[in-house]
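Counting starts at 1 for both ligands and their atoms, following the listed order.
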Amino acid sequence: MMTMKRKVALITGITGQDGAYLAQLLLKKNYKVYGTCRRSTSEKFTSLKHLNIDKKISYCDFDLLEFSNILETIDKINPTEIYNLAAQSFVPTSFNVPIVTTDINSLGALRILEAIRISKKNIKFYQASTSEMFGKVTQIPQTEKTPFYPRSPYGVAKLYSHWITINYRESYGIHASSGILFNHESPLRGREFVTKKVTSTLARIKKGSNEVLEVGNVLAKRDWGFAGDYVDAMYRMLQQKNPDDYVIATGKTHSVKEFIDLSLKYLKIQYKWAGKGLNTRVIDINSKKTIVSINKSFFRPAEVDLLIGNPMKARRNLKWKPRTKLKELVKIMLDHDLEYS
Ligand code: NDP
Ligand code: GDR
């Protein structure tokens with residue numbers, strides 16, 4: 001009887017939102033999963049613990065800023081697939097620490113690709129690219145062929161890693177794919193991102209907290225999907241005969257304001273919007289209190305106003321489609337936050 005060799009995945013950024021869901025998926029598919037981890041003084045495994053998979057993963061001491069540990073890790077664990085999810089992923093921070101962001105987000109991918117090339121091993125590579133590369137969009141909706149126009153050091157850095165992935169594929173025949181993923185959220189989303197900030201704060205307000213949800217540009221529009229659906233697209237890309245680039249999105253767009261509306265409605269808070277511009281706010285009709293207000297400090301030096309992706313290529317080639325609608329996503333996040341926030 002033929003026995004299939006167990007696949008080995010190396011996930012960089014396993015402590016992040018996508019790392020946790022991808023590890024869960026690959027464990028279900030009987031992969032041996034290694035996750036990279038930077039030393040830290042605080043607890044990092046909350047998401048992996050939440051999914052009850054923290055003990056099923058082997059961890060490697062690893063920083064994308066260091067080349068030797070990447071080479072050594074590849075040499076030691078012999079991965080069949082590497083998913084490069086690690087990044088400085090918060091757009092506003094990229095304006096404050098642009099050089100470090102670029103080192104991690106651009107050169108980090110290059111370091112892995114160089115290590116794969118030098119190792120001469122047959123390793124498939126996934127690069128976590130982003131709709132932020134479209135930035136000030138030149139086409140609606142955005143596809144794999146839409147020209148890029150990034151609007152932050154984060155977006156510019158990710159554009160480099162996108163192109164270097166393509167370049168290593170074309171130059172050295174490496175099975176390297178780039179997933180251009182639009183925003184995807186979940187209960188495991190970092191608290192600084194707008195969806196999680198909205199759901200966690202409004203859940204606490206619903207439970208009696210006196211705080212006010214302070215946000216920035218509520219007119220910005222995003223194509224929001226569920227992270228659990230999106231990691232499946234990453235996996236599918238690496239199972240293809242040929243590597244390629246794919247837009248992963250829902251094909252629908254909503255403003256931050258609409259996301260707040262959906263959350264308030266799910267929480268059954270009676271509310272009204274009042275004021276204009278920086279004075280825009282949400283008032284709780286029963287308590288007469290302001291529960292949402294605008295804070296200028298959350299605006300960005302350059303904004304991405306509108307994103308909406310066309311995932312047809314992924315649908316056709318990967319047989320992938322998004323399963324979770326925004327209303328359902330809001331419910332999943334709020335149910336979680338009502339319990340844990
Ligand atoms: P998170 O911010 O939740 O996770 C980022 C991960 O990267 C963390 O595990 C972090 O580790 C790790 N990391 C950061 N810097 C380094 C470094 N120098 N060396 C090694 N590891 C590092 O991101 P998401 O899970 O949301 O996103 C995953 C990837 O997908 C990112 O590359 C992101 O840019 C990209 N992306 C995300 C989208 C989204 O909507 N979520 C959309 C499109 C792309 P630590 O715990 O040590 O900080
Ligand atoms: P984004 O996500 O920048 O799209 O990057 P984020 O949730 O931070 O912002 C989305 C939009 O909401 C507006 N906004 C606010 N954003 C935050 N964080 N906090 C606020 O208070 C607030 N108020 C309004 C923003 O201006 C923006 O327009 C995410 C990250 O996961 C990236 O790593 C990833 O590449 C992209 O999604 C696709």
[X] atom [atom1], over 12 foreign heavy atoms within 6.0 Å:
{"X": "N122", "atom1": "CG", "answer": "no"}
{"X": "K313", "atom1": "NZ", "answer": "yes"}
{"X": "K207", "atom1": "NZ", "answer": "yes"}
{"X": "W163", "atom1": "CH2", "answer": "no"}

Counting heavy atoms only, which of [options] comes nearest to [atom]?
{"atom": "atom 2 (O) of ligand 1", "options": "G108, G16, A109, S89", "value": "S89"}
{"atom": "atom 22 (C) of ligand 2", "options": "T130, T195, V194", "value": "V194"}
{"atom": "atom 8 (O) of ligand 2", "options": "K158, E192, R300, K197", "value": "R300"}
{"atom": "atom 31 (C) of ligand 1", "options": "I180, T46, L85, L181", "value": "L85"}
{"atom": "atom 12 (O) of ligand 2", "options": "L219, N183, N295, V256", "value": "V256"}
{"atom": "atom 41 (N) of ligand 1", "options": "R39, E192, R189, R38", "value": "R189"}
{"atom": "atom 29 (C) of ligand 2", "options": "R189, H184, R222", "value": "R189"}
{"atom": "atom 25 (O) of ligand 1", "options": "D63, D18, D223", "value": "D18"}
{"atom": "atom 5 (C) of ligand 1", "options": "G155, A227, A87, G35", "value": "A87"}
{"atom": "atom 11 (O) of ligand 1", "options": "N183, T195, T15", "value": "T15"}

Among all protein heavy atoms, pick the one closest to [atom] and tell me residue, atom and distance.
{"atom": "atom 3 (O) of ligand 1", "result": "Q17 N, 3.1 Å"}
{"atom": "atom 21 (N) of ligand 1", "result": "A86 CB, 3.4 Å"}
{"atom": "atom 6 (C) of ligand 1", "result": "G13 CA, 3.6 Å"}
{"atom": "atom 39 (C) of ligand 1", "result": "H184 CE1, 3.3 Å"}
{"atom": "atom 23 (N) of ligand 2", "result": "G216 N, 2.8 Å"}
{"atom": "atom 44 (C) of ligand 1", "result": "S129 O, 3.3 Å"}

Under 4.0 Å between a Lys/Arg side-chain N and an Asp/Glu carboxylate O for [X] and [Y]?
{"X": "R111", "Y": "E66", "value": "no"}
{"X": "E185", "Y": "R222", "value": "no"}
{"X": "K265", "Y": "D261", "value": "no"}
{"X": "D335", "Y": "K331", "value": "yes"}
{"X": "E81", "Y": "K121", "value": "no"}

Mark up the atoms of ligand 2 that fall under 4.0 Å of a heavy atom belonging to [X], in ascending order.
{"X": "A220", "answer": "28 (O)"}
{"X": "S89", "answer": "30 (C), 32 (C), 33 (O)"}
{"X": "F90", "answer": "8 (O), 18 (N)"}
{"X": "E303", "answer": "25 (C), 26 (O), 27 (C), 28 (O)"}
{"X": "S131", "answer": "38 (C)"}
{"X": "F298", "answer": "21 (O)"}
{"X": "Y154", "answer": "32 (C), 33 (O), 34 (C), 35 (O)"}

Task: Proximity of K44 to ligand 1 by residue part, where a heavy atom lies under 4.0 Å - done: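 For K44, the contact with ligand 1 is made by the side chain alone.
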Open item on the list: Tell me the contacting part of K158 for ligand 1: side chain, backbone, both, or neither, using a 4.0 Å heavy-atom threshold, strictly below.
Closed with: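 Contact part for K158 vs ligand 1: side chain (C-beta onward).
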Open item on the list: Under 6.0 Å from the ring centre and within 45 degrees of the ring axis: does the NZ or CZ of K32 meet both conditions for the six-membered ring of Y34?
Closed with: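 Because its charged atom sits under 6.0 Å from the ring centre and within 45° of the axis, K32 does stack over Y34.
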TODO: Is it possible for you to check whether R117 lies under 6.0 Å from the centre of the six-membered ring of Y172, through NZ or CZ, and within 45° of that ring's axis?
DONE: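 Cation-pi check for R117 and Y172: passes.
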Give the cluster check for [X] versus [Y]: same hydrophobic cluster or not, with ILVMFWY residues linked at side-chain heavy-atom distances below 4.5 Å.
{"X": "I164", "Y": "I166", "value": "no"}
{"X": "L262", "Y": "F226", "value": "yes"}
{"X": "L25", "Y": "I53", "value": "yes"}
{"X": "L213", "Y": "L267", "value": "yes"}

Numbered atoms and elements of ligand 1 in range of [X], under 4.0 angstrom, heavy atoms:
{"X": "T130", "answer": "43 (C), 44 (C)"}
{"X": "L64", "answer": "17 (C), 18 (N), 19 (N), 20 (C)"}
{"X": "I104", "answer": "15 (N), 18 (N)"}
{"X": "A128", "answer": "29 (C), 30 (O), 32 (O), 35 (C)"}

Open item on the list: Is a donor from one side chain sitting under 3.5 angstrom from an acceptor on the other, for T199 and D337?
Closed with: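 A donor-acceptor contact under 3.5 Å links the two side chains.
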Open item on the list: Could you tell me if K7 and N30 have a donor-acceptor pair between their side chains, going purely by distance under 3.5 Å?
Closed with: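 No donor-acceptor contact under 3.5 Å links the two side chains.
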Task: Heavy-atom closest contact (L307 atom, F134 atom, distance) - done: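 Closest approach of L307 to F134, heavy atoms only: CD2-CB, 4.3 Å.
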- [ ] Determine whether the side chain, the backbone, both or neither of V91 has a heavy atom under 4.0 Å from any heavy atom of ligand 2.
- [x]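 Near ligand 2, V91 shows its side chain, while the N, CA, C and O stay back.
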Open item on the list: With a 4.0 Å cut-off on heavy atoms, is Y154 in contact with ligand 1?
Closed with: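 Flag set, Y154 near ligand 1.
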